[in-house]
Number of protein chains: 2
Amino acid sequence: MRPDDSVTQAERVVLQYLWEVGVATIRDVRDELYPGGETSEYATVQKLLERLEAKGLVKRSRRSVPHTFAAKVERDTFVGRRLDDLAATYCDGSYDPIVSHLVRRAKLTDRERARLESLVDSLRRAAMPKRARE
Amino acid sequence: MRPDDSVTQAERVVLQYLWEVGVATIRDVRDELYPGGETSEYATVQKLLERLEAKGLVKRSRRSVPHTFAAKVERDTFVGRRLDDLAATYCDGSYDPIVSHLVRRAKLTDRERARLESLVDSLRRAAMPKRARE
DNA sequence: CCGAAGCAAAGACAATTTGTCTGAGAGCGA
DNA sequence: TCGCTCTCAGACAAATTGTCTTTGCTTCGG
């Protein structure tokens, strides 16, 4: 089962900060997320970054001290994986219900809705045969 | 902060079983998910159903004994909520990155891909929706 | 050289969430 | 009544998650 790279609440906040600023030290993150924080909060951030690194979501540069950290996976890629998880867990891997939801619930213009609907039809037809390789 | 209608692993399996069979008693669920299970497993299922009910995901009929249970939220609706959670949590409520992922990752034909891409362009120009929930 | 400050690393907790189980009591049919 | 099934409330164990302590290294100004 894949989602070894999903994140907890606290990890998520750190990851989002990295997406926002690009590169940061532990101190940077602590000062932003735990204003007024001291050494214990420093260690907390350190642990969260360590876990994110272990999940392959953050890369650490050890070339200098203090180490610098950056997201290894872009936000959109990460969201895409969560989307894949959703499809795999609940929809037998199919994107159909997800696209359907976009059609029904998202506040799209009529034209956008029509486009998505035709996509749904295409997906349905393509889902039947196994050898539709490009 | 986690949406209070998301489910845990064990809850999910129960919910999926309800989606599959429609209506079931605790005993039905236990016999399916814990083959050979006895009273302790019965209680486990009972607790999971109770929690699912508290989350508004399952409805219980107390009109007869034993009570019967059914999903209160359809699978696609549920998946849609998770999708909304994703968009709200990571994309500031925008569906843009999600549609983008469908373009890049989903195994679509070239024509389908082109359609989705033009949808993405339209979405980019339009004001992005906030998520709505009944 | 000394000591203070900043840091990395490891691991120990505490808190919370999740999964499982026990026990008491009601209802019902044999 | 006895035996069975059920509901309900809550206790508990296990796992996950968030936080903190400790240790020892390095660097740098005096």
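In what follows, every heavy atom counts, from backbone to side chain, and hydrogens, waters and symmetry copies are set aside. Here is the naming used below: chain letters follow the sequence lines, and residue numbers restart at 1 for every chain. Bear in mind that the values here come from a model prediction, so they are computed numbers and not experimental data.
- Between A/H67 and C/dC7, a side-chain N or O to OP1/OP2 separation shorter than 4.0 Å is absent.
- Separating the CG atom in A/L52 from the CZ atom in A/F69 is a distance of 10.0 Å, to the nearest 0.5 Å.
- Of the side-chain N and O atoms in B/Y42, none sit less than 4.0 angstrom from OP1 or OP2 of C/dC21.
- In this entry the distance linking CD1 of A/I26 with C1' of D/dC20 reads 15 Å, nearest Å.
- As rounded to whole Å, 13 Å separates atom P of D/dC6 from atom CD of B/E38.
- The interatomic distance linking B/L49 (CG) with C/dT20 (C1') rounds to 14 Å, in whole Å.
- Here OG of A/S6 is found 11.0 Å from CZ of A/R81. Values are rounded to the nearest 0.5 Å.
- Between the CZ atom of A/F69 and the P atom of C/dC7 there is a distance of 11 Å, rounded to whole Å.
- Across all strands, A/R60 comes closer than 4.0 Å only to sugar-phosphate atoms, never to a base (heavy-atom distances).
- Residue-level contact check: B/Q46 touches the bases, meaning some heavy atom is under 4.0 Å from a base atom.
- Taking only side-chain nitrogens and oxygens, B/R27 never comes nearer than 4.0 Å to OP1 or OP2 of D/dT7.
- One can place CD of A/E53 at 14 Å from C1' of C/dA10, the figure rounded to the nearest angstrom.
- If you check every strand for non-hydrogen atoms under 4.0 Å, A/A10 touches sugar and phosphate atoms only.
- Atom C1' of nucleotide D/dC6 and atom CD of B/E41 are separated by 16 Å, given to the nearest angstrom.
- By the 4.5 Å heavy-atom criterion applied to side chains, A/R27 and A/P66 are not counted as neighbours.
- A distance of 10.0 Å separates CD in A/Q46 from OG1 in A/T39, rounded to the nearest 0.5 Å.
- One can place CG of A/L52 at 17 Å from P of D/dT16, the figure rounded to the nearest angstrom.
- Note on B/S40: a side-chain N or O is less than 4.0 Å away from OP1 or OP2 of C/dC21.
- Under a 4.0 Å N-O distance rule, the pair B/R82/B/D85 qualifies as a salt bridge.
- Counting non-hydrogen atoms under 4.0 angstrom, A/T8 reaches the backbone sugars and phosphates but no base.
- Considering only the side chain of A/K47, C/dA10 comes nearest among D/dA9, D/dT7, C/dA10.
- Residue B/V65 has its side chain nearest to D/dC6 when only D/dC20, D/dC6, C/dC7 are considered.
- In this structure, the CG atom of A/L48 is 15 Å from the C1' atom of C/dA10, given to the nearest Å.
- In terms of phosphate contacts, B/R62 brings a side-chain nitrogen or oxygen within less than 4.0 Å of OP1 or OP2 of D/dC8.
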